[in-house]
Each structure stands twice: as C-alpha cells, then as structure tokens.
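What follows is a short report on a single structure.
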Amino acid sequence: MSNNSLDNKQKSWSGRFSEPVAELVKKYTASVNFDKRLAEFDIQGSLAHAHMLGQQDIISKNDVAAIEKGLAEILAEIQAGTFEWLLDLEDVHLNIEKRLTDKIGDAGKRLHTGRSRNDQVATDVRLWLRATTDDILVGIKNLQLSILDLAEQHADTIMPGFTHLQVAQPVTFGHHLMAYFEMLKRDAARFADCRKRINHLPLGAAALAGTSYPIDRDMVAKTLGFDGVCENSLDAVSDKDFAIEFSAASAILMTHLSRFSEELILWSSPRFAFIDIADRFCTGSSIMPQKKNPDVPELVRGKTGRVNGHLVALLTLMKGQPLAYNKDNQEDKEPLFDTADTVLVTLAIYADMLRGIAVNKTNMRQAALEGFATATDLADYLVKKGMAFRDAHEVVALAVKHGVQQGCDLADLPLSELQKFSAMINEDVYQVLTLEGSVASRNHIGGTAPTQVKLAIARARKLLS
Ligand code: ARG
C-alpha cells in the first residue's frame, strides 16, 4: 500500500476543500485496505454501466471502447499484483477510476456519468456476495455428502441417544449424523433464499435520488445477471437487509457446526471414547505428552462466536441510520468478508475432518448397554400388554432402581426378578430389552430404525443429485 500524497486537484471531490484532509483522518476514513477485494466486481459493474451509457448515447462508442480496454488492463494489473493501491484515493472505486483516467484520459472521467459511489459500492457488494453465496452452497453440499457417507457406514451402529446429556434411549449413529444433514438442508435453503434478495441491482439510484440521464437500468441488471432492479433509489443505496440475512444464515450454520463440534469433542475424549479424530486435525500439548487435542472442532466452536458477533455488528450498524447513504455503511465490509471467509474454510475443513473419523462401535454399544437405555421399551412393552402408560412408567422406574442397586442393566435381570415388578412380564421381554430390538422398533419416517436411516440417506442423496 502506497501512501503517496496526491495534490488536491487529483482527488475526485477536493475542489471545494481549502485544506487537505488530516493524515489520521485519511487513514481513518479510507477503506481501500479491505475493499480492494471487491476490485473484480467493481470492474464488472463499471463495464456494464459503460455499455449502457454507450447504448443510450450518453457517452460515445469510442469512449466505451476505451473504457473497456483500460479496465481490462487494470484487471490484469490487479490480478498480477502490480496495481498500486493508494490510500489517498480512499477506496477501491476511486483507485480504479483514477488509474483508468491516467490510462485513457477523458473517456475515463466520463465513466462516472449517472452513477455515484453509493450505488456503485452497493452493486459491488451484491455481486461479490452472490458469488460467495454460491461458493457456500457448494461447500454445504460437500459437507452434506461427507455426512451421508459416514451415516451410511453407520446406519445400524448403536449408540446411546442423550437428553440432558444423560443416556436416554438407544439410537443409531447414522440417525444421529442425519440430524446434522437436516440442519444443513435448512441452512442451504436459507442461503438460497437470501440469494434472491441479494440479486437485485442498486445501480441507477446514483447518490440517492436517481439520475437525470436517460439510463436503462434493466439493461445493466440483465448484463450483470441480476433478477431485477432495486425499486426505490433511497432504499437501493442504504439497504443492508441482504447482508444481514447472509450473516444470520451464516450464524445459524456456524451454530449448527458448533453443536456438532461440541459432540465431536465429547465423543473423542477418553471419557466417552466413541470416536477418534484423525491426527491431521489434532495437535499435541507442549507439556503433556499423552494429549491429543481436538483443535479443529474447538476452533469451529470458537469461530462461531465471531460470526455471531458480526451479525450483531451489522444489525447495530443499521439501527440508527437515517435514509439514505451514510459513511457508516463502509463498516459492513469487514464483518461480511470475515463471515464469508470463516464459513467457507470451516465447511471445507469439516467435510474433510468427517472423512477422517474412526468410530469405536464397541464403546458406543457398551455405553448404550450401561445406561438403562431400553427402560422406555420395557414401559411400552407393558402398555402393549394392557397396562396404562403412567403405571408402566412407575413399574419400570422401580425395576431400574433395583438394577442400579444390583449394579446391572434391565436385560441382565433374570425373568423371575423382573416378574416381581409385574406379572405381565414374560420371556418375550428380552426381545424389547435388546438394543437392536429397541432401535428396530422405531420404524416410521423420522425414527431411528436402521431401515429408516437407510431410507433417509437415499432421500438425501436424491435431493443432492
Ligand atoms: N467506501 C465507501 C463505502 O464503502 C464507498 C461509498 C462512498 N460514498 C460516499 N459518498 N462517501 O461505503
């Protein structure tokens, strides 16, 4: 970043000023350090605008050709890393415009006809966010495929299902994983829906009120692939709903991955020992040689905090702003960029990490056996024999208490012992007290039976194909 001072005449708004901007103010107000990231989209928007100006005879065809050539060269310079960004030129828009004018002279100065940086930046951000949203949708799909592969391998692997983090009822690991597939399905739908509102064109709103030139906004919208134009100029230059929605969708997605991470952390701890996360996703301790820390899931959980924070930052940014554009709006970019970067890298690393998970079926099964996980099944068994559910609940509670005292599970109690709690209990009770019998009996859409898990996976694969 160069800090060369331009004289006042070279700056696009300095004619009315009698003294240069203070150094610190220049640094405080410039956005080029971060918004240069929008360069490619700024050029796309400028090209579409220039073509429209030419088409409408607002500027000459020669000017359009010169602008096109100049912007192509500038794009190449930016991509090659040779473009010199000047802090004095404030932002990405003025940097590119100044370079264009240096290259092609007056034609460059005509590019800004009928346009303001206010509708220009709003357009750039939408173009960038649309592309980013598409990348995120691909990232979500890859993660979903990764979940499906793991769930398929474990459609009938039994583990304890938890409520209150206490063993509740047996479930299959595949079923548990498919819960996250559902969350991601909703996340994808949220991003796709948000994309519809991103995809409208602000250009033409100019500073705030529209422009007196005979512009063709529909033409620009079509060139840039927008579904339509923003229909009120004041709203067009000040609307951040689409960015807030994007951040909200990101925060919800990260919150899902944070919950998943919390489970991976618990399951990989030696206390649970349900899974092993591949070494390439873990680190050791510099002092305790025995440690293998689940850094990746811990960081996902941690980074959820910053993404959630960015959502609050954007909401707070907007809450006090009168119409239309205010400089406050410049503050939307860093939270948005960081949100997108965090979400994209998290999705990629997560899909990879799930492929490196080894499952300890024996430990999962053992944990399900130890927690009276089939107590509900015994109650349901008694209900099916004619007992009222509340009575059955009490009978089983007493049987569990007895089991706890004896230090054994319900399935380990001999029939004669079980019959002390209810004469309705017969030899066939052991079928419902097994883990396999328990999960297999929950055989309806949404249930944990292996058959249902396989059907859910098949539906999911069809959805993604
Ligand atoms: N850098 C500014 C932003 O991101 C561009 C728009 C500036 N417009 C203005 N009138 N100062 O919002």
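Both counts, for ligands and for their atoms, begin at 1 and track the order of listing.
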Handout entry: Charged N-O contact under 4.0 Å between Arg37 and Asp341
Key =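 Asp341 and Arg37: salt-bridged.
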Problem - Salt bridge flag under 4.0 Å for residues Lys98 and Asp102 - result: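 So Lys98 pairs with Asp102 through a salt bridge.
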Handout entry: Pair Asp216-Gln55, side chain to side chain donor-acceptor pair (under 3.5 Å): steps then yes or no
Key = CA-CA 9 Å; Asp216 181 348; Gln55 176 79 32; over 6 Å; no
Exercise for the section: Report, in ascending order of atom number, the atoms of ligand 1 lying under 4.0 Å from any heavy atom of Ser31. Expected result: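 Checking each atom against Ser31, I get 1 (N).
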Problem - Distance-only donor-acceptor check, side chains Glu90 and Asn95, under 3.5 Å - result: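 Distance-only check fails for Glu90 and Asn95.
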Which residue supplies the protein heavy atom nearest to [atom], what is that atom called, and how far is it?
atom	result
atom 4 (O) of ligand 1	Lys333 NZ, 2.6 Å
atom 9 (C) of ligand 1	Asn118 OD1, 3.5 Å
atom 5 (C) of ligand 1	Asp91 OD2, 3.5 Å

Handout entry: Contact check: Asn329 vs ligand 1, nitrogen or oxygen atoms, below 3.5 angstrom
Key =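 Looking only at distances, the answer is no, because the N/O contact criterion of under 3.5 Å is not met.
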Handout entry: Within-cut-off N or O pair, Tyr325 and ligand 1, under 3.5 Å
Key =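 For ligand 1, there is an N or O atom that lies under 3.5 Å from one belonging to Tyr325.
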Handout entry: Whether Trp85 and Phe83 hold their rings parallel, tilted or perpendicular, with breakpoints at 30° and 60°
Key =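 Aromatic pair Trp85/Phe83 classed tilted.
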Exercise for the section: Under 4.0 Å, heavy atoms only, figure out whether ligand 1 is touched by the backbone of Gln120, its side chain, both or neither. Expected result: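 Neither; no heavy atom under 4.0 Å.
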Problem - Proximal candidate to atom 2 (C) of ligand 1 [heavy atom criterion; set Arg117, Gln330, His93, Glu90] - result: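 It is Gln330 whose heavy atom sits nearest to atom 2 (C) of ligand 1.
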Practice task
Using the six-membered ring of Phe246, assess whether NZ or CZ of Arg197 lies under 6.0 Å from its centre and within 45 degrees of the ring axis.
Solution key: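 Judged by the rule (NZ or CZ under 6.0 Å from the ring centre, within 45° of its axis), Arg197 is not positioned above Phe246.
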